[in-house]
Asks: 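Let me give you the structure first, and then I'll get to my questions.
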Amino acid sequence: MSLLDVSGLVVNRAGVGVVRGTSVTAEAGQISVLLGANGAGKTTLLEGIAGIAPVAAGRVVLNGADLTRASPGDRARAGLALIEQGRTVFARLTTEENLRVSMDPETGPENAYALFPELRQRSGIAAGMLSGGEQQMLVIARALLARPRVLMIDEMSAGLAPVIVSRLMKAVRRLADEGMAVLLVEQFASLALAIGDRAYVLRRGGVVYEGGCDTLARDPERLHHLYLGDAPVGRGE
Amino acid sequence: MDGLLTAATAGLSAGGAYAILGVCAVFTYRLVAVVNFTGAAIGATGAFAMVALIEAGMAQFPAIVLGVLAGTLTATAIGVVMTRWFSGATASTKAAVTAALLVGMIAVGLRLTGGQDAHLFPAVAPGSAFRFAGVEVTNAGVLTVILAVVFTFAAETFLARTRTGLRLRALSERPMAAELMGIPVRRLAITVWMLTGAMTTVALIIIAPQRSPNFASMSLLVVPALAAALIGAFSSFRAALLGGLLIGIVEGLASGIDRFSQYRGAVPFIVILAVLLWSQRGARWDEAR
């Protein structure tokens, strides 16, 4: 059984099916990458799993516990963390206060500073004053301190310099290597496939490809066709 | 001169209550993003519940405790409504909802309390505390000012120094991000409503004997409260505290001058207007340029 098992999920927006019976899984120590063109339903899928978007059908099961009807807060407390798009720092709180919001009072922010040492130098600064890259590091570090079992990250690279994106990708890989299950939505397919283990390509709310990241990374033409919709629905190695 | 000092000192008691209500308004706005028009009506509910119990023969102290409990429960009920059905609404929608609730509460409150029928509110802190420059300062005045100061600094310390305060500050900025981190958003928001409900009820119970004893006029004490909160830009507890005290003192002074005494109720409106005009000066200057 997978750590996170999402099966047949249906999420509607304004009566229109945005996610249509989608099934994905996430395993401890692995990164599952969700790819797809704009409007494919990637963000809505994550919101459905996190409980923000109401689910019309399907199941969300975390480590055997059915969370389909649980509130977003209950899902978070069960170990399901979502990092939303847009660097959702608490802007008026300092960097360290952002970290303290989620961390166990018994432990310090050291794990976060080990992952992103530059945050230590910026610990007393209001998070709203950090650069875009530092803010993204902060939200990842903040999620990490809550010690989730599954970390879902939505478009963390948006608007960031390539060198920062590369650092963030390495940090995410490190989290997975330490045992966390990661579900990554990413617009830069090549970067995501380079660090991912399992890939899903979504089109119009459904999965049109499921397989190893390396298989898809070796075949960019196929990926291109999967995005555009002129490749057959399939399963990779 | 002595007359003016007496009037200003008399206004201090009301100012203390305005300050508590104003700090509560800032607390509610900062933490659950609601401009709460029901603040004083919640306190009035508790104060009238206390009077009803005393009129039914209950001793004063348990009646006060139950009155505060009634105000707290009323605030909790409003908090449940706001968090359950309007948590995702805009600040203006939330304010409109509380304004509508205020109208409903006044209508129901007047009906249940007998409209203009006089009720005798017992003095919680009767007597004189001390004389200052020949003017008697009442226990009620001292008590409300002390409570306002204590509540202001307690609120600041709570938000700055405690884990729950930190989580409340996070919740006030990004409720969804806070919930996604497992913060019990709804429970904390309702706790804010409960706390402010209890404080406003205490304030109104103390100053009720000096006010017009009807439900509507007590509920409309929200106007000076919001004026005080506005002085603090709905952000600073200390400025709201000082604003509330200042409004009370100016009201007191106005009542001591024959020519202005009948307009003393307009003081909060003038303050609101002045603060809004002051806050808009930059925009008007930019527009003029």
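Note that the structure is a prediction, hence the values are computed from the model and not measured. Here is how names work: the chains are called A, B, and so on, in the same order as the sequence lines, proteins then strands, and each is numbered from 1. Both backbone and side-chain heavy atoms feed into the values below; hydrogens, waters and symmetry mates do not.
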Asks: What part of A/E84 lies closer than 4.5 angstrom to a heavy atom of chain B: side chain, backbone, both or neither?
Replies: side chain
Asks: Side chains of B/L180 and A/I52: does their closest heavy-atom pair fall under 4.5 Å?
Replies: yes
Asks: Please give me the minimum heavy-atom distance between B/R169 and A/L93, naming the atom from each residue.
Replies: CB-CD1, 3.9 Å
Asks: Starting at CZ of B/R174, measure out to CZ of A/F90 and round the result to the nearest 0.5 Å.
Replies: 8.0 Å
Asks: Heavy-atom distances under 4.5 Å only: say whether A/A91 touches chain B with side chain, backbone, both or neither.
Replies: both
Asks: Hey, is CZ on A/R149 packed in by over 12 heavy atoms from elsewhere, all under 6.0 Å?
Replies: no
Asks: Where does A/M103 contact chain B at under 4.5 Å (heavy atoms): side chain, backbone, both or neither?
Replies: backbone
Asks: Can you name the closest pair of heavy atoms from B/M181 and A/A76 and give their distance?
Replies: C-CB, 4.0 Å
Asks: Can you confirm whether B/F237 is buried at CZ, in the sense that more than 12 heavy atoms of other residues, nucleotides or ligands lie under 6.0 Å from that atom?
Replies: yes
Asks: Give, as side chain, backbone, both or neither, the part of A/V139 having an atom under 4.5 angstrom from any heavy atom of chain B.
Replies: neither
Asks: Quick one: are A/R92 and B/S172 in side-chain contact, heavy atoms under 4.5 Å?
Replies: yes
Asks: Considering only heavy atoms and a distance below 4.5 Å, find which of B/R167, B/E179, B/M176 pairs most often with chain A.
Replies: B/E179
Asks: Just wondering, are more than 12 heavy atoms of other shown residues or ligands nearer than 6.0 Å to CZ in B/R163?
Replies: yes
